[in-house]
Every structure is written in structure tokens, then in C-alpha cells.
Amino acid sequence: MNQRLTEEKSIYLQISQMIETDILRGILLEEERVPSTNELAKLYTINPATAAKGINQLVEAGILYKKRGIGMFVASGATEKIRARRKEEFYRVQLQELLEEAKRLGITRAELIEKIGGESK
């Protein structure tokens with residue numbers, strides 16, 4: 001969790017996204033403890049309540065769970081939940097934007113498919 005915070009979106013959203021990204025990258029494993037709100041607050045020089053808001057968002061989504069007196073942990077199945085949600089978001093937002101821009105530029109689907117296929121080789 002050594003990413004930098006930006007002013008582009010709310011800090012608590014960035015905290016939750018950074019934790020999710022660390023889970024997807026295998027930095028935080030399922031059933032492993034995540035940094036506490038106080039640790040996050042110290043690391044990013046933010047209010048602990050802001051860090052808690054980001055953590056609580058992940059708890060509500062079933063990505064993290066609390067072990068009383070010990071801390072927050074990555075839930076079993078969290079990786080797949082995050083991956084599924086982010087894939088859907090990618091298709092709904094980023095891919096849609098790409099298709100709209102391609103249409104404005106006169107790029108055909110065949111050209112897109114050729115470029116996408118060529119990049120993955």
C-alpha cells in the first residue's frame with residue numbers, strides 16, 4: 001500500500017480501491033490482516049475516520065470482515081468478488097467510452113478487433 005493519494009476522488013474511495021488492488025495483486029491474501037485505520041491514517045497522513053470510512057465500505061461489500069479485538073481481514077472469496085465487479089465496471093464504463101470514441105473516429109469493429117488481437121500476441 002505505497003500508492004499516493006490524489007485529489008481526483010474522495011480519499012476514502014482511494015483507500016478502499018488501494019486495498020482492493022492489493023488484494024487483486026496478491027499483496028493482501030484472503031484471510032490475511034489488513035492495515036488498521038490508525039496505520040492507514042499514519043501512512044497517508046489522513047484522519048482515522050476517513051480511513052475507517054474506506055474500510056467500512058469494503059466490509060459492507062463483503063471484501064473485509066472484522067475479528068473482534070484483532071483487526072480487519074480479507075474475506076474468503078474477496079478476490080473473485082472484486083474481479084467480477086471490476087470486470088463489469090470495465091465493460092460498462094471504459095469499454096463503452098472506447099467504443100464511442102472509436103465510432104467518432106470512424107474506427108470499425110473489425111479494426112478494433114484486429115488491434116486488440118494484435119496487442120495480446
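Classification of Glu80 and Arg83 as a salt-bridged pair holds, one side-chain N sitting under 4.0 Å from a carboxylate O. Note on Lys81 versus Glu20: no salt bridge recorded, every NZ/NE/NH1/NH2 to OD/OE distance being 4.0 Å or above.
Here Thr108 pairs with Glu111 under the side-chain hydrogen bond (donor to acceptor under 3.5 Å, both in side chains) rule; sequence neighbours left out. Under the rule for a side-chain hydrogen bond (donor to acceptor under 3.5 Å, both in side chains), Arg109 has no partner lying at least two apart in sequence or in another chain. Evaluation of the side-chain hydrogen bond (donor to acceptor under 3.5 Å, both in side chains) rule for Glu100 yields Gln96 as partners, not counting sequence neighbours.
Contact annotation: the side chain of Gln57 never approaches that of Ile15 to less than 4.5 Å [non-hydrogen atoms, C-beta and beyond]. Between Met72 and Lys67 there is no side-chain heavy-atom pair separated by less than 4.5 Å.
Leu13 and Leu40 are assigned to two separate hydrophobic clusters, defined by single-linkage of ILVMFWY side chains at heavy-atom distances under 4.5 Å. Two different hydrophobic clusters hold Tyr12 and Leu28 under the rule that ILVMFWY side chains link at heavy-atom gaps under 4.5 Å.
Here the shortest heavy-atom pairing between Gly62 and Ala75 reads O-CB, 3.3 Å. When all heavy atoms are compared, the tightest approach of Gln14 to Lys9 is NE2-O, 2.7 Å.
Residue Asp22 holds its CG atom at 4.0 Å from CD1 of Ile27, rounded to the nearest 0.5 Å. Taken to the nearest 0.5 Å, the CD1 atom of Ile11 stands 9.0 Å off from the CE atom of Met18. If you take CD1 on Ile23 and CD1 on Ile82, they are separated by 4.0 Å, rounding to the nearest 0.5 Å. Here the straight-line distance linking atom CG of Leu5 with atom CD1 of Ile46 works out to 6.0 Å at 0.5 Å rounding. Leu24 contributes atom CG, which lies 12.5 Å from atom CD1 of Ile19 (distance to the nearest 0.5 angstrom).
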For residues 48-56, please give each side-chain donor-acceptor pair under 3.5 Å, one per line with the distance, not counting sequence neighbours.
residue: Asn56; atom: ND2; partner: Ala52; partner atom: O; Å: 3.2

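Members clustered with Phe90: Tyr91, Leu95, Leu98, Leu99, Leu105, Ile107, Leu112, by chain and number, using a 4.5 Å side-chain heavy-atom cutoff among hydrophobic residues. The other members of the hydrophobic cluster of Tyr65, by chain and number, are Ile70, Phe73 (side-chain heavy atoms under 4.5 Å, ILVMFWY only).
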| said: Using salt bridge (charged side-chain N to carboxylate O under 4.0 Å, His left out), reason through Arg104 and Glu101 one step at a time and then give a plain yes or no. | reply: CA-CA 5 Å; Arg104 285 190 290 272; Glu101 181 67 8; 2.7 Å; yes
| request: Give the C-alpha distance, both sets of side-chain angles, the deciding distance and a yes or no for side-chain hydrogen bond (donor to acceptor under 3.5 Å, both in side chains) between Thr79 and Arg25. | output: CA-CA 9 Å; Thr79 304; Arg25 292 173 59 204; over 6 Å; no
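With hydrogens and angles ignored, the 3.5 Å screen pairs no side-chain donor or acceptor of Glu89 with any backbone N or O of Arg86.
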